[in-house]
Amino acid sequence: MSSRVNNTEIQVNDPDDVRNVVLVGTAGSGKTSLFENLLRARVAGYRGEKSDAERLSQLYLASLVTGDVVVNLLDAPGNPDFVGELRAGIRAADAAIFVVSAADGVDGAARVLWEECAAAHLPRIIALSKMDAARGSFDDVVEELKDALGAGALPTHVPVRSGGAGPGAQAVTGTVGVLSHRFRDYAGGGDPVLVEGDERHAELVETHRGPLMEGLIQEAEDDELMDRYLEGDDPGREYLLGDLMRATAGANLFPVVPVVASSGVGTEELLSLIELGFPTPSLHPNPTTVQLTGEEAGPPPTDPEAPLVAQVIRTTTDPFAGRLSMVRIFAGTLRADASVHVSGHRSFFAGAEDATHPDHDSAERIGQIQHAVGSRLVAKDHAIAGEIVMVPKLAHAGTGDTLSDPDHVVVVPNWRTPEALLPLAIRAASRNDEGKLATALQRLAVEDTDVRLARGASDQLVLWTTGPAHADLLLARLKDRYGVNVVQEDVKIALRETFVAKASAQGRHVKQSGGHGQYAVVTIAVEPLERGAGFEFVDKVVGGAVPRQFIPSVEKGARAQLERGVVAGYPMVDVRVTLVDGKSHAVDSSDMAFQMAAGAALKEAASDPTVTAVLEPVDLVEVTVGEEYMGAIMTDLSARRGQLQGQDADGRTVVVRALVPQLELARYAIDLRGLAHGSGTFHRTFHGYELMPPHLLP
């Protein structure tokens, strides 16, 4: 190993000495407990981290040394509200440990996470947690895995129970390697031993050895292994491990390892597979890059001598200590005190600039570079391609930004951020909070790429979040981190008014107060237009009843009144106003008088309640769920006054499209999870305005 490692420093000199691994699993799967066990197994004195809400809501990094490699472990949140943090972890990692609870099986939420890893073609080991609480036999659980995740889920180790091979109350005390036939006794300790001649252990592996060998032959494309297997020749552990490494790296074969958090069963097996079976940064493809001109520059080489290309994976902000950035280096070498170029250009990849996270470029000087050794941050003078490090006090770089060589500036695309679909309306609790709120929100946006800030109806401040846990986290950060107290409000819907029948009226603005008076009379006809048509003004005055210079005044007054609303104070849309007659005075008529008269005419035309109505905004909603949930989804959409527009199915999932009033979607991000057991997603786009039922009027 060319890297230097001691108790206070990890200095890597070759990308092949690094493994970047993200732990993925649903909340409650045992993922974080496994993360802590892996660190305890290799980091002297490691006692673990407090699992508070902040810790469990963000990507967490810690490093360890096992065998000849440095392992950067990333613990990704399991709550679906923080899928953006998961995607950041997938961007930073070269492989994943996918944690599944043997007691709970693979639910819809776990399948969604599996698809996230599959979309990135990420090599995976399946850690089958809570084996001591499994309701069925190990073989039964494995069959469930294959049904849910595919035939590539193949055990490389099987559990050994204290009282025998069967399930029940017996504790899982060790494992037997399917390829090595070696038994590791976690209860008794000691090195693994061969189990030849032990019928009980031999039976444990016999069921799984054949399928694993066939999987290795197929996925490693090893004809020699096929011949030797058919002839009954055992090629040996080292030969098989080479095939296992190639098959695992191809992300088509997924070794299954049983683990138990309380006793540490499975940790040594996982660490061995990470070292021998997971790809190095050189073998896992880097993301592509683009130049500032927008031209593609291709993926950078995983070469410490190449120009620097790195990306900020996560940012945390402390009001006293400042920013701390997690940085994945794809190419080149990041050095303390070096100057780098910072680029954030979402518009290159999204097609439009994000107002909450605008495009930017700046120069930055790197101060310290730190390695996360267990729970300690240890300074180092440089980090090379393939490493993940912590960089404190970057003044301009936010989450997702690219750090590159100032002479070779490129931009790495952001990972796909989840849609923020749960609105949270807030206002400052006091004048003092109002002065601090804008700055605090800007800082939140720097560290959290998933939040979106917007101004809603009546200039209401709305934070668009990914779910209730995300909303609670943002509120807690505003209060605890930035000292800003806010008050939550009901989200206001941008209602509109319109005419639904023809009407006509006369408007008068006549005042005499000595000197020049005010005089204007207009007669208008109002009629509804089709949805989305806006406002149309027509001049049909004849004979000079309204002087030509005051015709624009009538239109201006009508527009102003429509914007203020005529009936309930909401802007009025989709109407045609026709000026048909009027009166003027040679001295007292004026621009303002005709504006006021036009507004009065509109109010008079709307005085009959049968000719006006309120419109509500309607979104086109596309819901993607498993086919088994389609009936519940369609029933729920109908209950939300949705107009079903169609559906598409591919045999596994279905996309249901419906037009749904925005008033009915305020909590849909929460409700859909319950309906689809955590596996549903939806997308919404503004469609237009439709008549609001009178009984729902505010």
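One-based numbering along the sequence shown. Side chains are part of it too, since the values below use all heavy atoms of this structure and drop only hydrogens, waters and symmetry mates.
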Exam field: side chain Glu275 to backbone Arg19, donor-acceptor pair closer than 3.5 Å:
no
When rounded to the nearest 0.5 angstrom, what is the spacing between CG in Leu23 and CG in Leu34?
5.5 Å
What's the spacing between Tyr629 OH and Asp636 CG if we round to 0.5 Å?
14.5 Å
Surrounding CD of Glu296 (heavy atoms of other residues, nucleotides or ligands, distance under 6.0 Å), is the total greater than 12?
no
Rounded distance [0.5 Å steps], CG in Asp354 versus NE2 in His345
13.5 Å
Between Thr399 and Ile313 (side chain of the first, backbone of the second, donor and acceptor by atom type, cut-off under 3.5 Å), is there such a pair?
no
Quick one: which residue pairs count as a side chain to side chain donor-acceptor pair (under 3.5 Å) with a foot in residues 74-90, not counting sequence neighbours?
Lys31-Asp75, Thr32-Asp75, Arg55-Asp75, Asp81-Arg673, Arg87-Glu116
Report yes or no: does Ser325 contribute a side-chain atom to a donor-acceptor pair with the main-chain N or O of Val327 at less than 3.5 Å?
no
Say whether, by atom type as modelled, one donor and one acceptor occur between the side chain of Thr402 and the main chain of Val412 under 3.5 angstrom.
yes
Determine whether a donor-acceptor pair (N or O, by modelled atom type, separation under 3.5 Å) exists between the side chain of His357 and the backbone of Ala445.
yes
Side chains of Leu56 and Pro77, heavy atoms from C-beta outward: is any pair under 4.5 Å?
no
Nearest atoms (heavy-atom pairs only) where Phe682 meets Glu419
O-OE2, 3.7 Å
If I take atom CG from residue Leu675 and atom CD1 from residue Ile633, how far apart are they, to the nearest 0.5 angstrom?
4.5 Å
So, do Leu122 and His284 sit near enough that their side-chain heavy atoms are less than 4.5 Å apart?
yes
Using every non-hydrogen atom in the two residues, find where Val18 and Gly386 come nearest and quote the distance to one decimal.
CG1-O, 3.4 Å
Evaluate the side-chain proximity of His181 to Arg209: yes if any heavy-atom separation is below 4.5 Å, no if none is.
yes
Are the side chains of Glu627 and Val654 in touch, meaning some heavy atoms are under 4.5 Å apart?
yes
Of Leu474, Val451, Leu475, the one forming a side chain to side chain contact (heavy atoms under 4.5 Å, CB included) with Leu424 is Leu475
Are there over 12 heavy-atom neighbours, none belonging to Glu221, within less than 6.0 Å of that residue's CD?
no
Quick check: do Glu268 and Arg42 have side-chain heavy atoms less than 4.5 Å from each other?
yes
Can you measure from CG (Leu270) to CD1 (Ile126) and round to the nearest 0.5 angstrom?
11.5 Å
Could you check Met245 against Leu276 for side-chain contact (heavy atoms from CB on, under 4.5 Å), going step by step and ending with a plain yes or no?
CA-CA 7 Å; Met245 181 176 69; Leu276 301 175; 5.8 Å; no
Which heavy-atom pair separates Arg124 from Ala118 by the least distance, and what is that distance?
NH2-CA, 3.6 Å
Applying the side chain to side chain contact (heavy atoms under 4.5 Å, CB included) criterion to Val100, which one of Val256, Val106, Asp107 satisfies it?
Val106
Leu216 and Leu244: which non-hydrogen atoms are nearest, and at how many Å?
CD2-CA, 3.5 Å
With rounding to the nearest 0.5 angstrom, report the OG1 to CG distance, Thr26 to Asp104.
7.5 Å
Any side-chain heavy-atom pair of Pro159 and Val265 under 4.5 Å:
no
Nearest atoms (heavy-atom pairs only) where Ser63 meets Leu39:
O-CD2, 4.0 Å
Spell out, as yes or no, whether a donor-acceptor pair under 3.5 Å connects the side chain of Asn286 to the backbone of Pro300.
yes
Yes or no on ring-ring contact (aromatic ring centres under 6.0 Å, His included) for Phe98 and Phe254, after CA distance, side-chain angles and deciding distance?
CA-CA 9 Å; Phe98 194 85; Phe254 310 104; 9.3 Å; no
Examine distances only and state if a side-chain atom of Asn72 and a backbone atom of Glu387 form a donor-acceptor pair shorter than 3.5 Å.
no
Between Leu179 and Met213, does the side-chain contact (heavy atoms from CB on, under 4.5 Å) criterion hold? Intermediate values first, please.
CA-CA 8 Å; Leu179 296 179; Met213 294 291 286; 4.0 Å; yes
Please check if the side chain of Gln647 supplies one atom and the backbone of Val655 the other of a donor-acceptor pair under 3.5 Å.
no
Flag, side chain of Arg328 to backbone of Ile388, donor-acceptor distance under 3.5 Å
no
Check: Phe82 and Leu473 side chains under 4.5 Å, non-hydrogen atoms
yes
Side chains of Pro285 and Pro299: closer than 4.5 Å at any heavy-atom pair?
no
Test item: Ser129 side-chain N/O and Ser29 main-chain N/O as donor-acceptor pair under 3.5 Å
yes
